[in-house]
Chemist: 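This structure is in structure tokens; I'll ask about it shortly.
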Amino acid sequence: METFGFRLHRAVAERGPLCVGIDPHPGLLARWGLPDDVDGLERFARTVAEALGDRVAVIKPQSAFFERFGSRGVAILESTIRQLREAGALVLLDVKRGDIGSTVAAYASAYLDPSSPLYVDAVTASPYLGVGSLAPMFESAVAHGGGVFVLALTSNPEGAQVQRAVTAGGRTVAQLVIDEISQLNRGAEPLGSIGLVVGATIGDTGHDLSRVNGPLLAPGLGAQGATAADLPTVFGSSLSAVLPSYSREVLNAGPDADALRAAADRAVADCRHILAARH
């Protein structure tokens, strides 16, 4: 069985270093001339999947924007996941789940077990009940060839109060998370399957990412203010593991499929130029 880290490494080599979010919030639906209802949601998600599913390495649906429409929205999410996987994209579901015991095990079953209708290649997760509380997710990922991206250094201003707080051992909370994830990826080739989320807008982090040996998801590029040129400052020597993530910068080009593809191609070219220059 191929690991998520292996599949991600291959997908980036074949399609380029890019993750595109599917974030159908009301403003974006309106921009596309779509109603803020399940029909608008379905048309939006189908258009993105058809335009980008066969050319972008990773697609990241934001679960909340589907969940807000209830069961019909979740059904559209299930369908979108199937479309994307059939087109060859890796699907990273942005759910940011975090809990303990049987509940986190249920989340793992919902998203990382191939028998689930919501089965995806990887999910985002919150470690703030302790990194160890996510063990059932990590175990399910290993068992089924999936991945988990754990929040570490996020770009929202509120995050620093928790993430940069200093623990009794002298490390920040974020560095503690980074170090624990690094242990999980030790010895993996060509890349571990447990990644971190590090915002592209935060500048020099002051944290050591050099031993992570897993993918580093970098949201915040494009409309949120960061550019590909900011990535070396944020990630330094760990740049080769970065998965740049765009949402509105690409999605605002819709609903025209050719315009969406062109926007994704521009993002790939920008990121490839910066990442290749630093190898």
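These values consider heavy atoms only, across backbone and side chains, with no hydrogens, waters or symmetry-generated copies. One is the number of the first residue; the rest follow in order along the sequence.
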Chemist: Could you tell me if the side chain of M1 sits less than 4.5 Å from the side chain of F6, heavy atoms only?
Modeler: no

Chemist: Using side-chain contact (heavy atoms from CB on, under 4.5 Å), reason through V212 and S238 one step at a time and then give a plain yes or no.
Modeler: CA-CA 8 Å; V212 175; S238 301; over 6 Å; no

Chemist: Is the closest side-chain heavy-atom distance between V250 and L52 below 4.5 Å?
Modeler: yes

Chemist: Going by side chain to side chain contact (heavy atoms under 4.5 Å, CB included), name the residues that satisfy it together with F235, two or more places apart in sequence or in a different chain.
Modeler: V198, L209, L216, A218, L231, L239, V242

Chemist: Answer whether the closest heavy-atom distance between the side chains of R7 and L90 falls below 4.5 Å.
Modeler: yes

Chemist: Check residues 42-50 and write down every donor-acceptor pair under 3.5 Å in which the side-chain atom is one partner and the other belongs to a residue at least two apart or another chain.
Modeler:
| unit_1 | atom_1 | unit_2 | atom_2 | d |
| --- | --- | --- | --- | --- |
| E42 | OE1 | R46 | NH1 | 2.4 |
| E42 | OE2 | R46 | NH1 | 2.6 |
| T47 | OG1 | R43 | O | 2.8 |

Chemist: Provide the closest heavy-atom pair for G147 versus A141 in the form atom of the first, atom of the second, distance.
Modeler: N-CB, 4.0 Å

Chemist: Can you see which heavy atom on P244 is nearest to which on P17, and at what distance?
Modeler: CD-O, 3.4 Å

Chemist: Roughly how far apart are L217 CG and L8 CG, rounded to 0.5 Å?
Modeler: 9.5 Å

Chemist: If only atom types and distance count, is the side chain of S133 paired as donor or acceptor with the main-chain N or O of G130 below 3.5 Å?
Modeler: yes

Chemist: Less than 4.5 Å apart, side chain to side chain, heavy atoms only: is that true for D265 and V268?
Modeler: no

Chemist: When you look at CG of L129, are more than 12 heavy atoms from neighbouring residues, nucleotides or ligands closer to it than 6.0 Å?
Modeler: yes

Chemist: Donor-acceptor pairs are to be reported for all side-chain atoms of residues 22-35 against protein atoms at under 3.5 Å, with residues two or more places apart or in another chain.
Modeler:
| unit_1 | atom_1 | unit_2 | atom_2 | d |
| --- | --- | --- | --- | --- |
| D23 | OD2 | S247 | OG | 3.2 |
| H25 | ND1 | G27 | N | 3.4 |
| H25 | ND1 | L28 | N | 3.2 |
| R31 | NE | N252 | O | 3.3 |
| W32 | NE1 | L251 | O | 2.9 |

Chemist: To the nearest 0.5 angstrom, please state how far the CD atom of E14 sits from the NE2 atom of H9.
Modeler: 11.0 Å

Chemist: For A122, give me all partners under side chain to side chain contact (heavy atoms under 4.5 Å, CB included), at least two apart in sequence or on another chain.
Modeler: F4, L92, F149

Chemist: Before giving the answer on salt bridge (Lys or Arg N to Asp or Glu O under 4.0 Å), spell out for R72 and D37 the whole-Å C-alpha distance, their side-chain angles and the decisive distance to 0.1 Å.
Modeler: CA-CA 10 Å; R72 293 177 68 190; D37 58 22; over 6 Å; no

Chemist: Run the salt bridge (Lys or Arg N to Asp or Glu O under 4.0 Å) test against E158 and tell me which residues pass, sequence neighbours left out.
Modeler: none

Chemist: Using 0.5 Å steps for rounding, measure from the CZ atom of R97 to the OG1 atom of T124.
Modeler: 8.5 Å

Chemist: Nearest 0.5 Å, what's the CD-CZ distance between Q224 and R248?
Modeler: 5.5 Å

Chemist: Working to the nearest 0.5 Å, report the span between CG of L176 and NE2 of H207.
Modeler: 10.0 Å

Chemist: To the nearest 0.5 angstrom, please state how far the OG atom of S63 sits from the CG atom of D94.
Modeler: 8.5 Å

Chemist: Tell me, which pairs form a salt bridge (charged side-chain N to carboxylate O under 4.0 Å, His left out) where one or both residues lie in residues 185-214, sequence neighbours left out?
Modeler: D208-R211

Chemist: L134 and L184: same hydrophobic cluster, using ILVMFWY side-chain contacts below 4.5 Å?
Modeler: yes

Chemist: With hydrophobic residues grouped by side-chain heavy-atom distances under 4.5 Å, do V197 and M137 end up in a single group?
Modeler: no

Chemist: Compare all side-chain heavy atoms of R171 with those of I178 and state whether any distance is below 4.5 angstrom.
Modeler: no

Chemist: Are the side chains of N213 and S182 in contact, using a 4.5 Å heavy-atom criterion?
Modeler: no

Chemist: Which atom pair, heavy atoms only, marks the closest approach of G53 to L84?
Modeler: CA-CD2, 4.1 Å

Chemist: Any heavy-atom pair between the side chains of I81 and Y119 that's under 4.5 Å?
Modeler: no

Chemist: What are the two closest heavy atoms between G132 and E180, and how far apart are they?
Modeler: N-OE1, 4.4 Å

Chemist: If you apply the rule side-chain hydrogen bond (donor to acceptor under 3.5 Å, both in side chains), what do you find for D179 with Q183, and how did you get there?
Modeler: CA-CA 6 Å; D179 292 345; Q183 290 296 316; over 6 Å; no

Chemist: So which atom in L93 and which in P61 form the shortest heavy-atom distance, rounded to 0.1 Å?
Modeler: CD1-O, 3.6 Å

Chemist: Is it true that V150 and V91 fall in one hydrophobic cluster, defined by side-chain heavy atoms closer than 4.5 Å?
Modeler: yes

Chemist: Determine the minimum heavy-atom distance between K60 and C19, stating which atoms define it.
Modeler: CB-SG, 3.6 Å

Chemist: For L243 and V12, run side-chain contact (heavy atoms from CB on, under 4.5 Å): C-alpha distance rounded to whole Å, both residues' side-chain angles, the deciding distance at 0.1 Å, then the answer.
Modeler: CA-CA 8 Å; L243 178 62; V12 167; 4.2 Å; yes

Chemist: Would you say CD of Q161 has more than 12 non-hydrogen atoms from neighbouring residues, nucleotides or ligands within 6.0 angstrom?
Modeler: no

Chemist: Tell me whether V234 shares a hydrophobic cluster with L18, the cluster being built from Ile, Leu, Val, Met, Phe, Trp, Tyr side chains joined at under 4.5 Å.
Modeler: yes

Chemist: I'd like to know if the side chain of S109 and the backbone of A105 have a donor-acceptor N/O pair within less than 3.5 Å.
Modeler: no

Chemist: Any donor-acceptor pair under 3.5 Å linking the side chain of T172 with the backbone of R164?
Modeler: no

Chemist: Under a single-linkage definition using a 4.5 Å side-chain heavy-atom cutoff for Ile, Leu, Val, Met, Phe, Trp and Tyr, are F138 and Y107 assigned to the same hydrophobic cluster?
Modeler: yes

Chemist: Tell me whether E249 contacts the main-chain N or O of L221 through its side chain, where contact means a donor paired with an acceptor under 3.5 Å.
Modeler: no

